[in-house]
Chemist: 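What follows is a structure written as structure tokens; I'll ask about it next.
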Amino acid sequence: MAIELFSLPTELIWRILSILAPRDICRCAITCRAFWNMIQNSVRIQYQLELYAQGFTKTTTMDSIGVSREMSSLKRSTSLWRSGLHLNTVLEERLMTSTFPEHPSLRWLRFGMKRGLLWMLVQGGLFIRDYNTNTNLSRTWAIHDLSSQHRPNFLTVDPLQDLVVIVSLPGIVTVTDTEQDYHAFWVECRSASSQHPHPDSACASLECKHTFDICGVYHVDLIGEPAIYGDYIFVFYYIENKSYKRASATFMQAIDWRKGYVKSHLFPDYYQQGSQHQFYVVDQRTIVVIGSSFITVHTLQDIDGSLRPRLTYLLPKCHHSSFPFMFVHASPSFSGTAPHADLMPGYVPSLESQIVVLELISCPRTLSIILVIDTVIFSGTALQSETHVKIPWSDWGPQYTCCFPHDPCYQISVFGSKMAYTLPRDHSPEPGQRLEKLSAAGHFYIHIWDFNKRVIARSGNFYNPDSPDPFIRKPGRVVQSCFDEEIISNHPYTATVCRAPFLTRGLRKLFLEQDRLILTSVRPGTVDIQVLSPVQMDVGSDFTH
């Protein structure tokens, strides 16, 4: 039957395949090379599969006006970041950072971004700026208004849920009785718009308690800022016994902030270097712990259930001891009910088309790298295995990662399968090429790299300088002197660069979203904010061409 099918005209085969459900199309694609090529070469089918990956399930036929509209929107969004793109300046703003006196217990100058809503913690003030068409959500807080009862130490914001999470640590806990629970820290859920307790939160202030195994004096500190995923807040922390001068364990408090339920979970395998581990929340059930030599995926059945390690992906071994500094870059979570429906994106990256960028900074820093990891390894039936499985780098790294040389002065931002990268040149580096540092008094260029396999398939397998399609590249061999084993990846990615240079001076943070870039530059007393969008192209609505 396959031979008879392929005897038909290509356009008719595409039409037959497009009638199938997306899951059936995927099953056809893996049966043989002929089906694979047929499906890959149809732009219409590729967009159908991409829509399915984004959660639009009614894509069995292209006759639906609604689906056609979504396809048009998707095609327009994917056509924004083209080769040699130009950026429009949508808005420029300068904020004064001396509005409030500096608060000593909060870190100075921190940023966050979600769907056009930027929040900054700057010198005693919390600034929330709305860069959408509706700007009613812009507001300013004084730090002393953040917490009514406790001294705030950590803070994070989810603007789409109108939620501000504040963590207040006691610092020192004296344990005299191991039979009872001791206060570890407070978590408050406030409304960003009213500054009052969040109306959907069961409690204005949630107490997180901890049980200690040995009497003594302990220091409690957080690992990074709290993570918000829908109804859950995850707070990662470690305890240090002051008598032994070492971290005794790493823990997580899982909080259902709408119901007011709190549960402590132990990470049993991470001792002594608790502050050096990074934590990434994939969803309410999947927590990833990243160390200098491993990535371990844990599952949490529910808040009351156990936290179980399922898979450990081993990173390649280094000649030197480890990478002492690690940073995780990933898309923000869009889970949860937003009070402002107009702010929810029409295009939310699914797990099938997302990446996580792991920034590994060595000492000396000349050996720093970035690993671009396909998040598909954090999902699937393998996570349900009853035994903890360790997977060597050779069995997963070449298939699911791309590795690049890196310098810590380069800025990274991730949205879905795309990564924005600040580099000192206006052209894509050669495979494995290490570039010079950004000059403090010079310029940088913004590169957009996309690792979405379907986008790459649509772009073709060759580079036409007259075509607006992104340039397809491969990472190649990288930094052999760092590792005991060879790091090679043949996975292609599309590389786009904005031709206009930007001043390096003051650059503090770069944010990439679906249809915009936001640059923040810090100077004494001020923060300059620049909102940029790619020049849009007319994409049309005929998907058969």
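Sequential numbering from 1 along the given sequence is applied to the chain's residues.
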Chemist: Could you tell me whether a side-chain N or O of Ser194 sits under 3.5 Å from a main-chain N or O of His196, the two making a donor and an acceptor?
Modeler: yes
Chemist: Would Leu206 and Glu188 count as a side-chain contact (heavy atoms from CB on, under 4.5 Å) here? Give the steps.
Modeler: CA-CA 6 Å; Leu206 297 165; Glu188 292 184 72; over 6 Å; no
Chemist: Would you please classify the geometry between the Phe404 ring and the Trp449 ring as parallel, tilted or perpendicular, with 30° and 60° separating the classes?
Modeler: tilted
Chemist: With heavy-atom distances below 4.5 Å as the criterion, would you say the side chains of Arg473 and Glu430 are in contact?
Modeler: yes
Chemist: Would you say Leu155 and Val165 make side-chain contact, with heavy atoms under 4.5 Å?
Modeler: no
Chemist: Given 3.5 Å as the limit, does a donor-acceptor pair link the side chain of Ser191 with the main chain of Pro197, or not?
Modeler: no
Chemist: Is the shortest heavy-atom distance from the side chain of His277 to the side chain of Ile290 under 4.5 Å?
Modeler: no
Chemist: Stepwise, does the side-chain contact (heavy atoms from CB on, under 4.5 Å) test hold for Ile228 with Thr156?
Modeler: CA-CA 8 Å; Ile228 303 173; Thr156 192; 3.8 Å; yes
Chemist: Side chain of Ser331, backbone of Gly416: donor and acceptor closer than 3.5 Å?
Modeler: yes
Chemist: Quick one: side-chain hydrogen bond (donor to acceptor under 3.5 Å, both in side chains) partners of Glu92, sequence neighbours excluded?
Modeler: Gln530
Chemist: Would the distance check show the side chain of Trp396 and the main-chain N or O of Ile377 forming a donor-acceptor pair, the cut-off being under 3.5 Å?
Modeler: no
Chemist: Got a second to check how far Ile233's CD1 is from Cys189's SG, nearest 0.5 Å?
Modeler: 4.0 Å
Chemist: Using a 3.5 Å distance criterion without hydrogens, assess whether the side chain of Thr286 forms a donor-acceptor pair with backbone atoms of Val282.
Modeler: no
Chemist: What about Tyr410 and Tyr421, are their ring centers closer than 6.0 Å?
Modeler: yes
Chemist: In plain terms, say whether Lys114 and Glu513 are close enough for a salt bridge, that is, a side-chain N and a carboxylate O under 4.0 Å apart.
Modeler: no
Chemist: What I'd like to find out is whether the side chain of Phe111 reaches to under 4.5 Å of the side chain of Val522, using heavy atoms alone.
Modeler: yes
Chemist: Once you round to the nearest 0.5 Å, how far does CD1 of Ile448 lie from CD1 of Ile446?
Modeler: 6.5 Å
Chemist: Nearest 0.5 Å please: distance from the CG atom of Leu423 over to the SG atom of Cys409.
Modeler: 9.0 Å
Chemist: For the pair Thr401 (side chain) and Ile373 (backbone), establish whether a donor and an acceptor sit closer than 3.5 Å, ignoring hydrogens and angles.
Modeler: no
Chemist: Within the structure provided, determine whether Ile287 and Val297 are in side-chain contact (heavy-atom separation under 4.5 Å).
Modeler: no
Chemist: If I take atom NZ from residue Lys418 and atom OG1 from residue Thr496, how far apart are they, to the nearest 0.5 angstrom?
Modeler: 9.5 Å
Chemist: If only atom types and distance count, is the side chain of Asp162 paired as donor or acceptor with the main-chain N or O of Ala192 below 3.5 Å?
Modeler: yes
Chemist: Quick one: are Val372 and Tyr493 in side-chain contact, heavy atoms under 4.5 Å?
Modeler: no
Chemist: Can you check whether Val376's main-chain N or O pairs, donor with acceptor, with Asp374's side chain at less than 3.5 Å?
Modeler: yes
Chemist: If I take atom CD from residue Glu93 and atom CG from residue Leu118, how far apart are they, to the nearest 0.5 angstrom?
Modeler: 9.0 Å
Chemist: Quick one, Phe444 and Leu503 - any side-chain contact, counting heavy atoms below 4.5 Å?
Modeler: no
Chemist: Taking the side chain as every heavy atom from C-beta outward, state whether Leu519 and Phe502 have any pair of such atoms under 4.5 Å apart.
Modeler: yes
Chemist: Pick from Phe415, Trp119, Phe511: which one makes a side-chain contact (heavy atoms from CB on, under 4.5 Å) with Met113?
Modeler: Phe511
Chemist: So, taking the atom named CG in Leu360 and the one named CD in Gln278, what distance separates them when rounded to the nearest 0.5 Å?
Modeler: 10.0 Å
Chemist: So does Gly442 get a backbone contact from the side chain of Thr504, meaning a donor-acceptor N/O pair under 3.5 Å?
Modeler: yes
Chemist: So, Arg434 side chain and His406 main chain: donor-acceptor pair closer than 3.5 Å or not?
Modeler: yes
Chemist: Using the side-chain hydrogen bond (donor to acceptor under 3.5 Å, both in side chains) criterion, which residues pair with Ser533? Sequence neighbours excluded.
Modeler: none
